[in-house]
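Here's the structure we're looking at; comments come further down.
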Amino acid sequence: MRAAGLGTLRLIHGNALAADFAALAGGHPLRVVGNLPYYLSTPILFRVLDQIEAVADMHFMLQRELVERMAASPGSRRFGRLSVAVQSLCRVEPLFHVDPGCFRPPPRVESTVVRLRPLPPAERPAADRRGLDLLLRRAFARRRKTLANALADLVPRERLPALGIDPALRPEALDVPSWCRLSLALHGSATERGL
């Protein structure tokens, strides 16, 4: 066997959406690798991100459009909830594209292999993760509205300028550190409202 002497492989048959990566890691960060089912890619990504402390790095083959959204810059039309959630915790490195002809039968979409490297804790923008997810869901469901209008029921308009955020911006124009700052402000607002 060509892999003899390289270590032990433990195969776990289970649901990735229910996986406890910290328990699987056993104190040693995991290298997570997979060709994720395209219809479940986003939920699986969020599951791994929720347990980022147990992860050394991730290598996934995903639908090309999804990788483009993960790596998108603020101001682009692909920038959204997934971009902010991933970039607030990881460096996104698209590695190479995989042509549909490499598969049998060929899919109707193109694929990309991407590497996600968790940012060291000191380099991650401070954020309230629950608040950030709530903000992103709300704002990007209303992405054609201004931030002030999209988030009116969560963050008072007058708080935005105090955080260095222009209330007239659309959600895709706000950078990742600003989204994280806003999540901390939301956490304070929620505490004040008794939520």
Side-chain angles (χ1 to χ4, degrees), residues 7 16-34 36 41-62 66-76 78-96 112-140 147 151 154-155 159-167 169-192 195:
L17 293 174
D20 182 346
F21 291 97
L24 292 172
H28 303 286
L30 295 172
R31 302 194 79 192
V32 183
V33 179
L36 301 185
S41 297
T42 300
I44 292 171
L45 284 167
F46 276 99
R47 178 70 182 179
V48 179
L49 290 174
D50 283 344
Q51 301 177 64
I52 197 71
E53 301 306 330
V55 176
D57 60 16
M58 297 163 266
H59 290 79
F60 296 125
M61 183 158 61
L62 301 165
L66 187 72
V67 173
E68 289 172 352
R69 285 176 34 218
M70 289 166 51
S73 299
S76 75
R78 294 197 182 273
F79 188 78
R81 175 181 174 236
L82 185 63
S83 315
V84 177
V86 173
Q87 292 175 33
S88 67
L89 293 171
C90 299
R91 285 187 185 87
V92 181
E93 302 169 48
L95 299 176
F96 56 89
T112 298
V113 174
V114 63
R115 176 174 34 229
L116 302 175
R117 293 186 188 189
L119 294 168
E123 292 180 27
R124 294 179 202 160
D128 177 77
R129 302 312 302 177
R130 192 169 145 234
L132 181 60
D133 188 56
L134 177 60
L135 284 167
L136 296 174
R137 284 178 186 272
R138 188 70 51 89
F140 286 102
L147 286 168
L151 301 173
L154 293 177
V155 181
R159 289 195 73 181
L160 296 173
L163 295 165
I165 297 170
D166 180 350
L169 291 177
R170 297 213 190 292
E172 67 270 12
L174 199 60
D175 65 15
V176 173
S178 297
W179 277 113
C180 292
R181 264 197 329 277
L182 192 52
S183 77
L184 294 172
L186 174 65
H187 178 71
S189 297
T191 303
E192 291 160 17
L195 298 176

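- With salt bridges taken as basic N to acidic carboxylate O contacts below 4.0 Å, none links D133 and R129.
- Contact record, R47 with A19: NH2-O, 2.7 Å, taken as the closest heavy-atom pair.
- From D50, atom CG reaches atom CG of L45 across 11.0 Å, with rounding to the nearest 0.5 Å.
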Given I52 and M58, is the side chain to side chain contact (heavy atoms under 4.5 Å, CB included) satisfied, shown in steps? CA-CA 10 Å; I52 197 71; M58 297 163 266; 3.7 Å; yes
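- For the pairing with L95, the side-chain contact (heavy atoms from CB on, under 4.5 Å) check across T112, V113, V67 returns one residue only, V113.
- Counting all heavy atoms, side chain and backbone alike, S88 lies closest to P125 at O-CD, 3.6 Å.
- Using a distance-only test at 3.5 Å, with no hydrogens or angles considered, no donor-acceptor pair links the side chain of S183 to the main chain of G131.
- Counting heavy atoms from C-beta on, the side chains of V114 and L62 come closer than 4.5 Å.
- Remark: R117 pairs with E93 by the salt bridge (Lys or Arg N to Asp or Glu O under 4.0 Å) rule, at least two apart or across chains.
- At a threshold of 4.5 Å between non-hydrogen side-chain atoms, the residues Q51 and D20 count as touching.
- The line from CG of L147 to CD1 of I165 is 7.0 Å long, rounded to the nearest 0.5 Å.
- From E172, atom CD reaches atom OG of S73 across 13.0 Å, with rounding to the nearest 0.5 Å.
- To the nearest 0.5 Å, atom CG of residue L132 and atom SG of residue C180 are 5.0 Å apart.
- Summarising the geometry, atom CD1 belonging to I44 is positioned 5.0 Å from atom CG belonging to L36; distances are rounded to the nearest 0.5 Å.
- Between the R138 side chain and the L151 main chain, no donor and acceptor come within less than 3.5 Å of each other.
- Nearest heavy atoms, R31 versus A56: CG-CB, 4.3 Å.
- Closest of all the heavy-atom pairs between V55 and V48 is CG2-CG1, 3.8 Å.
- Ring geometry for F79 against F140 counts as perpendicular: the plane angle is over 60°, on a 0 to 90° scale with 30° as the lower cut.
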So L82 and L66, side chain to side chain contact (heavy atoms under 4.5 Å, CB included) or not? Walk me through it. CA-CA 9 Å; L82 185 63; L66 187 72; 3.3 Å; yes
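- How far CZ of R115 is from NE2 of H59: 4.5 Å, rounded to the nearest 0.5 Å.
- Between the side chain of W179 and the backbone N or O of L174 there is at least one donor-acceptor pair closer than 3.5 Å.
- A donor-acceptor pair under 3.5 Å is formed between the side chain of Q87 and the backbone N or O of M70.
- The heavy-atom pair separating V92 from A71 by the smallest distance is CG1-CB, 3.8 Å.
- Remark: R81 qualifies as a cation-pi partner of F46 under the 6.0 Å distance and 45° angle criteria applied to the six-membered ring.
- Residue A72 comes nearest to S83 through the heavy atom pair CB-OG, 4.0 Å, listed as atom of the first residue, atom of the second, then distance.
- Annotation: side chain of D57 is not in contact with side chain of L116 (no heavy-atom distance under 4.5 Å).
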